[in-house]
Asker: 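First, the structure itself, so that you have it in front of you.
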There are 2 protein chains.
Amino acid sequence: MTDTARGTSRRYGTRPTMKDVAARAGVGLKTVSRVVNGEPGVTPDTERRVQEAITALGFRRNDSARILRKGRTASIGLVLEDLADPFYGPLNRAVEEVARSHGALLINGSSAEDPSREQELVLALCARRVDGLVIIPAADDHRYLEPEITAGIATVFVDRPAGRIDADAVLSDNFGGARDAVAHLIAHGHRRIGFIGDQPRIHTARERLRGYRAAMAAAGLPIDDSWVSLGSTAPDRVRAAATTMLDAPEPVTALFAGNNRVTVTAVRVLGERPRPVALVGFDDFELADLVRPAITVVAQDPAHMGRTAAGLLFRRLDGIEDPPRRTEIPTRLIARGSGEIPPAED
Amino acid sequence: MTDTARGTSRRYGTRPTMKDVAARAGVGLKTVSRVVNGEPGVTPDTERRVQEAITALGFRRNDSARILRKGRTASIGLVLEDLADPFYGPLNRAVEEVARSHGALLINGSSAEDPSREQELVLALCARRVDGLVIIPAADDHRYLEPEITAGIATVFVDRPAGRIDADAVLSDNFGGARDAVAHLIAHGHRRIGFIGDQPRIHTARERLRGYRAAMAAAGLPIDDSWVSLGSTAPDRVRAAATTMLDAPEPVTALFAGNNRVTVTAVRVLGERPRPVALVGFDDFELADLVRPAITVVAQDPAHMGRTAAGLLFRRLDGIEDPPRRTEIPTRLIARGSGEIPPAED
DNA sequence: CTGAAAGCGCTTACAG
DNA sequence: CTGAAAGCGCTTACAG
């Protein structure tokens, strides 16, 4: 295995092919293919000669060629919003584990919450002929995918449903979770509760708002328009929204934060204020129990969502043909302290 | 665009090819190729006919075939330890951004810190003929990659160097950062400082231990063997190690945590103890400033590491041929409170 | 047990 | 401006 030995058999930048292996071993192309793929019907002696040629030449099968011929690429695409968002980490890993267990590679990309970037990325994955797609959608119109789905690319949406097409979706119980969170605050004596959520064009934001409204209505509580603020989750925007609600003549005594990024900023804002304010966040996060007070949350189960979505995708690839289904993953309220703070005296 | 209209032109599961488009448009294959790839030399009228056929048939170029012919796949592989580890999120995103800016897709996989799984994954990516690889290595022997690198697959290691081969690497200043952390504790009066780190076979763990020793030596302080504990970062192991050091007859008065997972467990353990213990952690994390006391850390810059590594990879792909280099990214000590706690009175 | 021929869907190199 | 032929590196279908 000296450099010279390698140098004689291969130029930099070119790779040996099965044809080269066949020539060196003195056999036909098909015999090499059999050995490389572990197919039966090769005598031990022939196999050994082929293996020797493979090692000597440093041959590695070119899967691009194999894929072209076989039709299936043994790869799936995962499109999410942001590879760096901790919420998607466990989901990403779960999808990868399922892919791996099916012998498939995972092509990953993020949409940055931009519908046109989502479409560009998804269509690039389709051009690569991934076998299937797991999509956390940014767009609200997925009709551009119809020809691809018709052509056989399996597609499962996660976290948010597809827009304007009928497709499999794996969602959290956003409505029920939000309702539970707000009911929890009401049970602890709050009547003026603020909701700071994500942009209203995002399905989860709308569902969580619906849950907030349902809980308030169930308790016979009115909602002042100034208690609801949907928009960007950028810290400045969230900070401004929280401050407005807390500095009003009749301030809210509790906040319901619509997702993990809102919660983190809310924790910072509340930490700077003299009077304690109750807080329940949607989404759990790693150090929620270490902050004082510890943060009460409605936890989703992103790993469960990822496993479910990828599992469904591979069942579709195995040919299951029943109509698209919507699966809902339950959420769980975890009381840790911040959600049990009583309303401040007026 | 009714179902019937689509149904007549395409069966489920088969896709139109350039040949189909050519036939329908009444032109040659090469003309379709020109239109699809935006090459010049097609009259507007011909182009229109081809575009119509493309739309009518729902044609999308099969990049598998293109890749086979062109040689380059316009994709790179990223192998990391765990897709769900928040430390790798920003690195992952940075690599994706660079890939995207070069028109390449990102194939992602995790090694689970298992050398044989790393090798299996890397070689699968090589079989796919990714143009290049960014690897956070789990293995300590990468000679298995030599034939692939010789054959032209560019490879850059991040966070940890390659083992037994000469390859590009982008690393944090682990030694200097650890030295700074421990010197900081010494400057605040500590003489008995514990170090809880990752498994000693991991390069970063060894380098950080070296920094710890250097800082102690520079201050003329002895190190008791019982103050150093390298091993798994599982919470149970870290908890046991910390408890042993803190319950010793001459307990440590400060802890230096060797990475983000160790730090998080250390925070939990210290929060349960009566007397305050100083803590500095290697790696920053999102809520480090919200815990009380806020956590002093040596921050790495994983986004910078990812950008640097991917940038170098694409320069290699552009043909830069200088010898492999090792780039070191500086760390930064961020004092927030936990590292400035004085030693407890004996 | 073994291998020659055809073909996957494109691009390349070339000719008109 | 346009297109027929060859070929990328495999697998498939078939024959011996």
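Note on naming: letters A, B, ... go to the chains in the order of the sequence lines (proteins, then strands), and numbering restarts at 1 for each one.
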Asker: Produce the list of close N/O pairs, under 3.5 Å, pairing protein atoms with atoms of nucleotides 13-16 of chain D; give distances to one decimal.
Answerer:
none

Asker: Between A/Asn92 and A/Tyr88 (side chain of the first, backbone of the second, donor and acceptor by atom type, cut-off under 3.5 Å), is there such a pair?
Answerer: no
Asker: Under the salt bridge (Lys or Arg N to Asp or Glu O under 4.0 Å) rule, what pairs show up with a residue in residues 30-43 of chain A, not counting sequence neighbours?
Answerer: A/Lys30-A/Glu39
Asker: Quick test of your reading: applying ring-ring contact (aromatic ring centres under 6.0 Å, His included), list the pairs with at least one residue in residues 105-127 of chain A, sequence neighbours left out, ordered by first then second residue.
Answerer: none
Asker: Quick one: which residue pairs count as a ring-ring contact (aromatic ring centres under 6.0 Å, His included) with a foot in residues 25-44 of chain A, not counting sequence neighbours?
Answerer: none
Asker: Any stems for DNA chain D, made of 3 or more Watson-Crick or G-U pairs in a row, each with both distances under 3.5 Å?
Answerer: C:1-3 with D:14-16, C:5-12 with D:5-12, C:14-16 with D:1-3
Asker: Atom CD of A/Glu39 and atom P of C/dT2: how far apart are they, to the nearest Å?
Answerer: 13 Å
Asker: With sequence neighbours left out, write down each residue that passes side chain to side chain donor-acceptor pair (under 3.5 Å) with B/Ser101, or none if nothing qualifies.
Answerer: none
Asker: Can you tell me the distance, in whole Å, between the CE atom of B/Met18 and the C1' atom of C/dC8?
Answerer: 14 Å
Asker: Test: salt bridge (Lys or Arg N to Asp or Glu O under 4.0 Å). Region: residues 51-60 of chain A. Which pairs qualify, not counting sequence neighbours?
Answerer: A/Arg48-A/Glu52, A/Arg60-B/Glu148
Asker: Output the residues of residues 64-74 of chain A in contact with DNA chain C, where contact means a heavy atom of the residue under 4.0 Å from an atom of the strand; sort by number or write none.
Answerer: A/Leu68, A/Arg69
Asker: Excluding sequence neighbours, so at least two apart, what forms side chain to side chain donor-acceptor pair (under 3.5 Å) with B/Thr73?
Answerer: B/Ser75, B/Asp131
Asker: Report yes if at least one side-chain N or O of B/Thr17 is closer than 4.0 Å to OP1 or OP2 of C/dC8; otherwise report no.
Answerer: no
Asker: Using 4.0 Å as the upper bound for N to carboxylate O, is an ion pair formed by B/Asp20 and B/Arg24?
Answerer: no
Asker: Kindly state each residue pair satisfying ring-ring contact (aromatic ring centres under 6.0 Å, His included) with at least one member in residues 17-57 of chain A, sequence neighbours excluded.
Answerer: none
Asker: Expressed in angstrom and rounded to an integer, what is the separation of A/Leu29 atom CG from C/dC1 atom P?
Answerer: 19 Å
Asker: Any side-chain N or O of A/Thr31 under 4.0 Å from OP1/OP2 of C/dG3?
Answerer: yes
Asker: B/Arg129 or B/Gly26: which one's nearest nucleotide on DNA chain D is closer to the 5' end?
Answerer: B/Gly26
Asker: Could you give the CZ-to-P distance, from B/Arg128 to D/dC8, as a whole number of Å?
Answerer: 22 Å
Asker: Using the side chain to side chain donor-acceptor pair (under 3.5 Å) criterion, which residues pair with B/Gln119? Sequence neighbours excluded.
Answerer: none
Asker: Quick check for you: among D/dC10, C/dT11, D/dT2, whose closest atom lies nearest to any side-chain atom of B/Thr46?
Answerer: D/dT2
Asker: Between D/dT11 and A/Ser33, is there an OP1 or OP2 to side-chain N/O distance shorter than 4.0 Å?
Answerer: yes
Asker: Using a heavy-atom cut-off of under 4.0 Å over every strand shown, decide if A/Asn37 touches base, sugar-phosphate, or nothing.
Answerer: sugar-phosphate
Asker: Enumerate the residue pairs fulfilling ring-ring contact (aromatic ring centres under 6.0 Å, His included) with a member in residues 303-326 of chain B, sequence neighbours excluded, ordered by first and then second residue.
Answerer: B/His102-B/Phe314
Asker: Checking contacts here: which listed nucleotide (C/dG9, C/dC1, D/dG9) is nearest the side-chain heavy atoms of A/Asn62?
Answerer: D/dG9
Asker: Any donor-acceptor pair under 3.5 Å linking the side chain of A/Arg160 with the backbone of A/Pro137?
Answerer: yes
Asker: Expressed in angstrom and rounded to an integer, what is the separation of A/Lys19 atom NZ from C/dA5 atom P?
Answerer: 13 Å
Asker: Starting from C1' on C/dG9, measure out to CG on B/Asp20 and report it in whole angstrom.
Answerer: 10 Å
